[in-house]
Amino acid sequence: MSLLFARKAFSSVKLGHPLFRSSRLVGGCLPRYIHSLPPGFISDPKYDKAVQLTELRGVNITHDPLLSKGTAFSMDERERLSIRGLVPPRQQNMEMQLKRVKRNMAHCETPLSKFIFLNALQDRNETLFYKLVIDNIKEMAGIIYTPTVGLASQKSHSIYRRSRGMYFSAQDRGNMSAMVYNWPHPDVDVIVVTDGSRILGLGDLGANGMQIPVGKLSLYVAAGGIHPRTVLPVVLDVGTNNQELLHDPLYLGLPQPRLKGEEYYAMVDEWVRAVTGRWPNVLIQFEDFKHPHAYNLLNKYRNKITCFNDDIQSTSTITLAGILASLKARGREQEDLAKERIICVGAGSAGVGVCEGIIDCMVTQGKVKSREEAYESIFMLDQDGLLGNHSLAMKDPSNFHQSSQREEPLDELQLRYVKKDLPDRLGLEALVETVKPTVILGLTGIRGVFTEKAIRTMSRYQEKPVIFPLSNPDTHAECTAEEAFEWSDGRAIFASGSPFENVELKGGKIGHTNQCNNSYSFPVSSIGIGLGVTVSKASRVTSTMFLEAAKVIAELATEDELKQGILFPSVSKLRDVSHKVATRVCEVAYTEGVAKATLKEGELLSDLVKDSMYTPEYVPLVHFEHE
Ligand SMILES: NC(=O)C1=CN([C@@H]2O[C@H](COP(=O)(O)OP(=O)(O)OC[C@H]3O[C@@H](n4cnc5c(N)ncnc54)[C@H](OP(=O)(O)O)[C@@H]3O)[C@@H](O)[C@H]2O)C=CC1
Ligand SMILES: CC(=O)C(=O)O
Ligand SMILES: [Mg+2]
């Protein structure tokens, strides 16, 4: 298929090329001539590889985490860039630097102290930080991302050292289109933005939520190969309703209640206009926005700008992939998805997002007569129990507050899951007995929601019950891995949002755990999608991209792995998998006509993705001056 082919759009521009002496440099914005090179990089035959251009010298280089090499600057660079004497005399390579970093990190006794240590490294030398993270991804991801990032978010105002990313607060209204120019890097490809209203399963953490965009984007770089110079973590500080934070003098966000209604949406809108005004092609990932803002914002912007909601859409991709892979693990056909009986506990953004993705897949498989029929396979609960007739009655606001623990009546999307023929408000245990589910999903943020009785009952009816407690961090998972395996007599197919160790079962067997998380699982879903969207310069993120990504991911585990209950490929394949998902997403972008990157005959699309992926290595630094 010709769409699979592309050729490098631009030939290499050499240092000294007239374009680099043109007035276009005066604004500090280096043009990106070569598809596969990040901004500010050019290829130069003298070095036989890419070199990085910089206007800076001396401490402005050694103190810049994106340029600094610590002790690894060559003698030649020290001379040319006025670094001589500013770093210790002995030049050391990255391998030696990694030895020192690992030895120092081994002295950190708690996950939080490791988090702070890694943060400091990232703030000194991003190349070394990413090398460490990529080479030790399993251990490091659990620190820079969930579960430790949850604790770091709760304590963010206490452990604050140096800021990363940008904060836009309610006080900045009217100034945002100017503020975006305070960001020092001219090219931004991906923004992860949160309003801090529902951070993992930890609730409203206000401006402390910044750790989530920072952590997610670090994984984008490490696992997805997006260049660190082109990512921007953002908090929209609309206030917080977290009383503890409001009363803590160390809290760093606006000490005021959250904006509501039109004021809230107007502020988000001003921010969207500001960032897309400066970076028209930027991909915006909405993250950890509480229901109903999450869906409202997605619906408002999905057809206007390049954006998606991670909790709604990528969670759906990875969970669908896990369920499809589990079908194979249970000796069934993936096309039989519509025969599954799925209980989803949690009817918020993530729960509904995941289930809509499952329904999309059932419909495309063509085994249901209508979308309505597909909904019959899914049973959704919220705090009140099964979404039943009472949910419909609550559309009338006068019925609402007496009869529900919910803050607001169900919306149109949630109402699609209402089961009129089952007893109203059925609790989980009774529902399991009634529908005998094959799969149970937890997206509530509440530990203990998957009770022993519910899991034991499910396991009576299923040889291999599929149990996915997906809430984060691990302390908020609906049950632990030990519980799932114990209550299912070791037969569970288990996946959780945060990592759990494998469980030793009776008879020396191992209960394999899987991590099913929108950003970090093997493989990654949002990251592969983000990479594909960025490389193809897609103007929209389409639902087909999420569905196709799920299908790619579901095919990756081997037969042998599936037999053992391993649903996703091994950690060592992480970047390969991001590459595969991104390539498929690029194909979808071209097929659906939303890709804007210029393609020519002659090069495989997969090569284009591979060439675009950042690898942390020190490249020669070359000084240039404006004319
Ligand atoms: N693994 C992954 O990749 C991801 C995991 N998640 C996790 O999903 C969780 C929910 O996120 P999100 O949907 O955005 O949050 P929301 O706040 O939008 O929704 C939470 C839902 O859980 C329900 N709920 C709360 N307590 C209970 C209970 N005891 N029994 C049944 N239902 C309950 C709520 O019901 P009610 O409306 O009645 O209050 C609501 O429907 C978070 O913990 C998050 O970490 C989210 C995204 C990705
Ligand atoms: C994983 C994730 O995005 C969440 O828990 O919100
Ligand atoms: Mg999230």
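Both ligands and their constituent atoms are indexed starting at 1 by order of listing.
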Could you see which bit of Phe289 sits under 4.0 Å from ligand 2, with heavy atoms only: side chain, backbone, both or neither? neither

At a non-hydrogen distance cut-off of under 4.0 Å, which region of Gln285 contacts ligand 2 (side chain, backbone, both, or neither)? neither

Compute the ring centroids of Phe546 and Phe308, then answer whether they are less than 6.0 Å apart. yes

If you take the centroid of each ring, where Trp contributes its six-membered ring, are His293 and Tyr264 closer together than 6.0 Å? yes

Which atom name would you report as the N, O or S atom of Glu287 nearest the Mg ion (ligand 3)? OE2

Relative to the Mg ion (ligand 3), which of the N, O or S atoms in Asp288 is the closest?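 Minimum-distance N/O/S atom of Asp288 relative to the Mg ion (ligand 3) is OD1.
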
Provide the number and element of each atom of ligand 1 under 4.0 Å from a heavy atom of [X].
X      : answer
Gly497 : 1 (N)
Val345 : 31 (C)
Gly445 : 9 (C), 43 (O)
Gly348 : 13 (O), 16 (P), 18 (O), 19 (O), 21 (C), 40 (C), 41 (O)
Leu200 : 42 (C), 43 (O), 44 (C), 45 (O)
Ser349 : 13 (O), 14 (O), 18 (O)

Of all heavy-atom pairs between [X] and [Y], which one has the smallest distance, and what is that distance?
X      : Y      : answer
Val190 : Val282 : N-CG2, 4.1 Å
Glu287 : Lys216 : OE2-NZ, 3.1 Å
Ala492 : Ile467 : CB-CD1, 3.8 Å
Pro233 : Leu217 : N-CD1, 3.4 Å
Tyr295 : Leu413 : CE2-CD1, 3.1 Å
Asn389 : Asp424 : N-OD1, 2.9 Å

State whether Asp311 contributes an N/O/S atom found under 2.8 Å from the Mg ion (ligand 3). yes

Does ligand 1 have a heavy atom under 4.0 Å from the side chain of [X], from its backbone, from both, or from neither?
X      : answer
Ile446 : side chain
Thr315 : side chain
Asp382 : both
Cys516 : backbone

How about [X] and [Y]: do any of their side-chain heavy atoms sit closer than 4.5 Å?
X      : Y      : result
Asn242 : Leu205 : yes
Thr513 : Phe485 : yes
Leu283 : Ile191 : no
Leu200 : Ser153 : no

Side chains of Tyr301 and Asp269: any donor to acceptor distance under 3.5 Å?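 Asp269 vs Tyr301: donor-acceptor pair found between side chains.
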
Proximal atoms of ligand 2 relative to [X] (non-hydrogen, under 4.0 Å):
X      : answer
Lys216 : 1 (C), 2 (C), 3 (O)
Asn517 : 1 (C)
Arg198 : 4 (C), 6 (O)
Asn518 : 1 (C), 2 (C), 3 (O)
Glu287 : 3 (O)

Can you check whether [X] has an N/O within less than 3.5 Å of an N/O in ligand 1?
X      : value
Asp311 : no
Ala350 : yes
Leu470 : yes
Lys290 : no
Val449 : no
Asp384 : no

Hey, are Arg456 and Glu429 close enough for a salt bridge, meaning a charged N less than 4.0 Å from a carboxylate O?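 A salt bridge is absent here (no side-chain N lies under 4.0 Å from a carboxylate O).
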
Does Glu340 come within less than 4.0 Å of Arg330, counting only side-chain N to carboxylate O? yes

Does Asp311, backbone or side chain, put an N or O under 3.5 Å from an N or O of ligand 2?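 Asp311 vs ligand 2: N/O contact under 3.5 Å present.
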
Is His476 close enough to touch ligand 1? Criterion: a residue heavy atom under 4.0 Å from a ligand atom.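 No heavy atom of His476 comes that close to ligand 1.
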
Gap between atom CZ of Arg198 and atom CG of Asp288 - 0.5 Å precision: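 The CZ atom of Arg198 is 4.0 Å from CG of Asp288, to the nearest 0.5 Å.
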
Among [options], which one has a heavy atom closest to [atom]?
atom                    : options                        : result
atom 4 (C) of ligand 2  : Thr146, Asn472, Ile318, Thr194 : Asn472
atom 6 (N) of ligand 1  : Asn518, Leu443, Thr317         : Leu443
atom 25 (C) of ligand 1 : Glu478, His293, Gln383         : Gln383

Looking at Ser578 and Ala223, would you say the former's side chain and the latter's main chain have a donor-acceptor pair under 3.5 Å?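 Between the backbone of Ala223 and the side chain of Ser578 there is a qualifying donor-acceptor contact (under 3.5 Å).
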
